[in-house]
Every structure is written in structure tokens, then in C-alpha cells.
**Q** 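Once you've had a glance at the structure underneath, I'll fire off some questions.
Please read these numbers as outputs of a predicted model, since none were measured by experiment.
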Amino acid sequence: LRRSDTGEYQEFNLSPYGAWWSAIFRGYRARSSLAVEQSGVVCEVAREKDEYRTLLRYPRAALEQFGIDWNRDGCHLTAVADGPIYLSSAPDRSVAPDFHRAQCFR
């Protein structure tokens, strides 16, 4: 999730095994020292024969405290799978996937 006014963004990584990780970045790959809210976070996983589903419930108030405006700011969804396979909600025309580029956030 990217703040349009500052360029800061919060990255979430979800695992098909229930683990999750998040960090806040000041700008392109520049990690911030701000702490990520962890209270009230729930990560759920459903695994079936050929499918993994991971759901992260993250308190909206924590995102709003970080300054996310749901009417203004952008989101970029990506997935990396074995193979490797890279999926992105934004067109990625680079040779190597780079999920931190500002133009990927919609």
C-alpha cells in the first residue's frame, strides 16, 4: 500500500503456511525505522490439493495511523510461485520483476 502524498509504502508478505511479515519504506527500497502494528493481526491459511489461500486481517486503524487514505492511495498486488512465476496487478515491463517501483501502484 503506497501513500500518494509522500511515496512511503507498507509492504506485506504472506506465506501459504500462515507466516507473514511487513515493513514500511520511506521510498524506493529505503526501509523506515517505523514499527509495524502487530496487535489485532490475523493470518489465516486454507490449503487444498492444488490451491493455497492466505488471508491477512490487518486493523484498518493501523493503516490510517500510517496515513493511508483509502480514497487516494495506491495498492500493488503481486504473487511469486515456484517456477518461478511472477504475477502482478500492474504491468511490469522490466526484464526482472521489481515490485517496489512507484509506477506499479494503482
**Q** If you take all heavy atoms of S89 and C75, which pair is closest and at what distance?
**A** OG-O, 4.4 Å
**Q** Hey, is E8 close enough to R3 for a salt bridge, meaning N to O under 4.0 Å?
**A**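 Yes.
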**Q** According to a hydrophobic-cluster definition based on side-chain heavy atoms being under 4.5 Å apart (Ile, Leu, Val, Met, Phe, Trp, Tyr only), do I24 and W20 belong together?
**A** yes
**Q** Are F105 and F25 joined in one hydrophobic group, where the rule is that I, L, V, M, F, W and Y side chains link up if heavy atoms are under 4.5 Å apart?
**A**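 Yes, F105 connects to F25 through the hydrophobic network.
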**Q** Assess the residue pair H76 and R101 against the criterion (side-chain contact (heavy atoms from CB on, under 4.5 Å)); give the C-alpha distance rounded to whole Å, side-chain angles, the decisive distance to 0.1 Å, and a yes or no.
**A** CA-CA 10 Å; H76 180 210; R101 291 193 325 268; over 6 Å; no
**Q** Is there a side-chain contact between V80 and F99 in this structure, where contact means two heavy atoms from C-beta onward sitting under 4.5 Å apart?
**A** yes
**Q** Would Y58 and Q10 count as having a side-chain donor-acceptor pair, cut-off 3.5 Å?
**A** yes
**Q** Do you know the tightest heavy-atom contact between Y52 and R47?
**A** CE2-CD, 2.7 Å
**Q** Are F66 and V41 connected in a single hydrophobic cluster, I mean Ile/Leu/Val/Met/Phe/Trp/Tyr linked by side-chain heavy atoms less than 4.5 Å apart?
**A**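 Yes, one cluster joins them.
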**Q** When rounded to the nearest 0.5 angstrom, what is the spacing between CG in D5 and CG in D73?
**A** 6.5 Å
**Q** Any non-hydrogen side-chain atom of L56 less than 4.5 Å from a side-chain atom of E44?
**A** no
**Q** Return yes when atom CD of E51 has more than 12 non-hydrogen atoms of other residues, nucleotides or ligands closer than 6.0 Å, and no otherwise.
**A**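 Count over threshold, so yes.
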**Q** Using every non-hydrogen atom in the two residues, find where G67 and R72 come nearest and quote the distance to one decimal.
**A**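 Here G67 and R72 meet closest at O-NH2, 3.4 Å.
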**Q** Look at atom OH of Y28 and say whether more than 12 heavy atoms of other residues, nucleotides or ligands are closer to it than 6.0 Å.
**A**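 Atom OH in Y28 is packed in, count exceeds 12.
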**Q** Answer yes or no: is there a side-chain heavy-atom contact under 4.5 Å between L34 and R26?
**A** no
**Q** Is the distance between the ring centroids of H100 and Y9 under 6.0 Å?
**A** yes
**Q** Of the non-hydrogen atoms in S88 and A90, which two are nearest, and what is the gap between them?
**A** OG-O, 2.9 Å
**Q** Indicate yes or no: at least one non-hydrogen side-chain atom of T54 is less than 4.5 angstrom from one of C43.
**A**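 They are in side-chain contact.
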**Q** In terms of hydrophobic clustering (I, L, V, M, F, W, Y; side-chain heavy atoms under 4.5 Å; direct or indirect links), are I68 and F12 co-clustered?
**A** yes
**Q** Quick check: is L14 connected to L1 through a chain of hydrophobic side chains (ILVMFWY, heavy atoms under 4.5 Å apart)?
**A**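 Yes, same cluster.
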**Q** Which pair of heavy atoms, one from G7 and one from R2, lies closest together, and at what distance?
**A**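 Reported closest heavy-atom pair: CA-NH2, 3.7 Å.
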